[in-house]
S.K.: 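Before I ask anything, let me first share the structure, which is written out below as structure tokens.
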Amino acid sequence: MSYVEDPGPGHGSLPPRAAFTSDAPSLSLDGTWRFRLSPSVAAAPPDVFEDGFDDSAWDELPVPSMWQLHGHGEPAYTNVHYPFPVDPPHVPSDNPTGDHRLRFDLPGGWPAGSAVLRFDGIDSCGRIWLNGTELGVTKGSRLPSEFEVGPLLRPRGNVLVVRVHQWSAGSYLEDQDMWWLSGIFRSVTLLARPSGGIGDYWVRADYDHTTGLGTIRVETGPDVVLDVPALGVTAHPAGEPLELPVEPWSAESPRLYDGTLSTVAERVPVRIGFRTVTIEDGQLKVNGRRLLLRGVNRHEHDPRSGRVVSRALALEDVLLMKRHNVNAVRTSHYPPAPEFLELCDAYGLWVVDECDLETHGFGPLGWDRNPSGEPMWAEAYLDRMRRTVERDKNRPSVILWSLGNESHTGENLARMAEWTRRRDPTRPVHYEGDHDCSYVDVHSRMYATHAEVDAIGRREDDNERRRELPFVLCEYAHAMGNGPGSLLEYRELFERYPNYQGGFVWEWIDHGLAADGHFAYGGDFGEPIHDGNFVIDGLVFPDRTPSPGLLEYAKIIEPVRISADPDGVRVANHYDFLSTEHLTFSWVLEDEGIPVAQGVLDVPVVHSGQSVSVPLPSLPTTSGESWLTVSASLTAATSWAPAGHVVGWGQLPVSPPRVRPVRPARGPVFHTAGRLVLGPGEFDPATGVLTALGGLEVRGPRLDVWRATTDNDRGSSPGPAEASQWREAGLHRMQHRVIEVDADGDELVVRTRVAPPAQAFGLFADYTWTAFDDGLRLRVEVTPDDYPGTLPRLGVTMAVPAELGTAEWFGGGPGEAYADSCQAARIGRFSSSVDGLQTPYVYPQENGNRAAVRWARFTTPDGAGVHITGEPEFAFTARRWDTAALEAARHTDDLVPGPLVHLTLDTAQHGLGTASCGPGVLPRYRLVAQKTAFTLEFRRVAVAN
Ligand code: IPT
């Protein structure tokens, strides 16, 4: 059997060891290589490995890279399905094969003797030659392989050849939900290995929270000494344990001690973090404290280079996570580039380090012949786990090992767990697919509903082992498109039960690929089988702009919570370790959104898990609705945020809205020149629809219940998709029948029935218009006529001229908010261009809703336009296209501004939920059709006032 289809691991490589740098010479081989792609192994040139092979006509390709993103072949996206026949361990004969060649010279003074060639990642299988000699074969795409090359090196004109196959037996173990992309996608390095140097090391640094003592145990070769200047440790024989008082490491205060391990021949810098992970009383603890993981699942993704993620981009991820209160990462579903974990150590994130393993595509086949249970794959499984653990064993941030993802269950997984526990007894083992928890240390689930999570917390489980373990949601709150909804309710559950350790939102980033004018997703490259935009399900957009979902998550998981309390302001500390000593509490009082007073609140130091109440500051009286906003911000800059960065905030209502005077109605309605006129309004006499307001042409408002469906509306887990029920009902094409236009008094009353074609049900909508000084008041009464289900939204839609391109409002903001995702919105006064109100979801859908709005105005740059007041509140969107265009769009650049600004003015919207993968909208956020009335006032504004 060819090595390509051999189900075993690669061969020829050195035993796995830790990732580290040293003062021994090294040479990066990243850069421009020669490249040629052949459509199959058979079509690839047989003699590429020969020194004299002429590659001068080949293309150039950067290394690291993924060749499909450099004009060779095309990316392809599938979630679960293998894009080739499931015929393990065989792969298609049409197996794109990329030959990579590099000529390199050794730098002057390169020492003779041992040298190692390291590949940090080759997707999916590489065969390697140096100077005409074959070194071996690598598999396990996101894991390193090293080869001894010392005797083969020459000072000048070395020829390194790497033949990479897109498909190999290893592809069966790499069915993660992501783009299929190939190549040498992580760095290639040549490392001199001095004799008497340090081949490998493992610094275990425990912390005893009862004594404050740290223990260092180093496992390494002979004659190694340890230096840790900040601990006064000099030339300590590394093999001997050391106990001494230290500051512990945690994600909240990631104290690292810089040191060195050295022999006469080599010096290796080490960064030591002291922490002890335990499972006690069914709780996952570090340094004696129960952790609450406020995590995300992170794939490695760059919209231009795919899984080639630079250190700078990895740092951007870490900083964004830290600034949004995220404290944990699951490296779904493979070990990341090693730099990422160094950054997690340095900046502070708890890490679940997951092995490069997923066989999900056997699921649709009933898990028949799943590799997890087949002996021929046993070595490959173990090899992957060994390479994961050995590479990352020195990282204090790694607190759990994860065997992989969605590979069902089987003996091979159990053996990985067993090996891991033996090799590293200091970290528990995670794997979600071990449903009985027979070989894992934590009970893990994905996408469990709130009700299921609650039942687990109440310990109603009949499996005794599972009942006693700490519980995590390794995936939840699917962040696809607009969502996720109901994060708050998950948080409440995590905090209700002592053995809950939180969870990891799915997922960190949208894997959109940069295309002309938009981001591409599955199907955009003509793939015959694909899963469309299911790869667009992150908390940040592909360019790492935070989505509203991330802002909501940041608010939900804030480490300090501030709320109203009968005694004033309540400050609750939700850090796992820190007190509030590093925070400044400041307040601002806003009168209808205008700041009128501010100051610093005197809050005593609050310890982890504690709360205090402090009296309100003395506040001036205000004339309108006013709110006190209290923020907790960093007093001094940290490594991840400047001073003043807000980690938590809360709002307290101070005075209610002004009572508005009763204004005499201005009637009567009169008929003139084919129009009905009431105060500043002109109406179409046949339909009763408003056509002008104070001379400004408008269209509508008319009842509208449709929204451009979200990914979650279209999601069908667990039941039938909400969107298909709405569409079947015909809610997207409602017709308006005018029953009566009553214009005989001081009011204009328009009675209508709004219903979809072919259906017997509908909604009665009565519009009552009255005029007062310069405005119009509209009361809409909606009465369902046998209407059966939920509605996407309930409100009116109207259009105003395109020149009204600026919005200002008092209410929820600055970002969008929905019924079950509205914690991040605060009450204030905000303004934005209409264009700026749009959230550019990669797959266009309902977005941009501003909620709890007291009033809003849409104006020209000089302030002329329409002012709309709610009684008391409404929600709005404003767009340069209508809902139908938003619904029809497939990419952001399909949305083309038209001649109008379209407004939706709603009394309610159906929640978001996470039915794209997980539970739908919770009952309390469902918009069930029922008799409803709401009121809006419309005023023409000539200039800003
Ligand atoms: C779950 C996968 O683990 C994850 O990789 C991703 O595909 C996610 O689904 C959906 O985006 S598995 C599924 C059976 C819930």
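Each ligand, and each atom within it, is numbered from 1 in the order the structure gives. These numbers come from the heavy atoms of this one structure, side chains and all, not from hydrogens, waters or symmetry mates.
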S.K.: What part of Asp537, side chain, backbone, both or neither, has a heavy atom within less than 4.0 angstrom of ligand 1?
M.R.: side chain

S.K.: Search all heavy atoms of Gly361 against all heavy atoms of Asp175 and return the closest pair with its distance.
M.R.: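 It is N-OD2, 2.7 Å.
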
S.K.: Decide whether a cation-pi geometry holds between Arg369 and Phe362; the criteria are a distance under 6.0 Å from NZ or CZ to the six-membered ring centre and an angle within 45° of the ring axis.
M.R.: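 Checked: cation-pi criterion not met.
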
S.K.: Which of the atoms in ligand 1, numbered in the order shown and given with their element, are less than 4.0 Å from a heavy-atom of Phe534?
M.R.: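 In order of number, 10 (C), 11 (O).
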
S.K.: When you check the gap from the basic side-chain N to the acidic O, do Asp317 and Arg544 get nearer than 4.0 Å?
M.R.: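 So Asp317 pairs with Arg544 through a salt bridge.
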
S.K.: So which heavy atom in the protein is nearest atom 12 (S) of ligand 1, and how far is it from that ligand atom?
M.R.: Glu406 OE2, 3.0 Å

S.K.: For the residue pair Tyr476 and His450, is the inter-centroid distance of their aromatic rings smaller than 6.0 Å?
M.R.: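 No, too far apart.
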
S.K.: Numbering the atoms of ligand 1 from 1, which are under 4.0 Å from a heavy atom of Cys917?
M.R.: 15 (C)

S.K.: Could you tell me whether some N/O pair between Asp177 and ligand 1 is separated by less than 3.5 angstrom?
M.R.: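 Asp177 vs ligand 1: N/O contact under 3.5 Å present.
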
S.K.: Which option wins on minimum heavy-atom distance to atom 10 (C) of ligand 1: Glu358, His478, Met446, His333?
M.R.: His478

S.K.: Heavy atom of Glu507 under 4.0 Å from ligand 1?
M.R.: no

S.K.: Which heavy atom of the protein is the closest neighbour of atom 8 (C) of ligand 1, given with residue, atom name and distance?
M.R.: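 Protein heavy atom at minimum distance: Tyr447 OH, 3.4 Å.
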
S.K.: Looking at Asn405, which atoms of ligand 1 are within less than 4.0 Å of one of its heavy atoms?
M.R.: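 Reading through ligand 1 atom by atom, the close ones are 2 (C), 3 (O), 5 (O).
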
S.K.: With Asp510 as reference, evaluate Ile536, Val540, Leu539, Thr545 under the side-chain contact (heavy atoms from CB on, under 4.5 Å) test and give the passing residue.
M.R.: Ile536

S.K.: Find out whether Thr331 and Val351 are in side-chain contact, i.e. whether some heavy atom of one side chain is under 4.5 Å from a heavy atom of the other.
M.R.: yes

S.K.: If you measure only the distance, is there a donor-acceptor pair under 3.5 Å linking the side chains of Tyr843 and Thr892?
M.R.: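 No, no side-chain donor-acceptor contact under 3.5 Å.
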
S.K.: Starting from atom 1 (C) of ligand 1, find the nearest protein heavy-atom neighbour and note its residue, name and distance.
M.R.: Glu475 OE1, 3.1 Å

S.K.: Which one holds for Asn79 and ligand 1: side chain close, backbone close, both close, or neither close, with close meaning a heavy atom under 4.0 Å?
M.R.: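 Looking at Asn79 and ligand 1, just side chain atoms fall under 4.0 Å.
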
S.K.: Which residue, Arg421, Met385, Met416, forms the side-chain contact (heavy atoms from CB on, under 4.5 Å) with Trp401?
M.R.: Met385

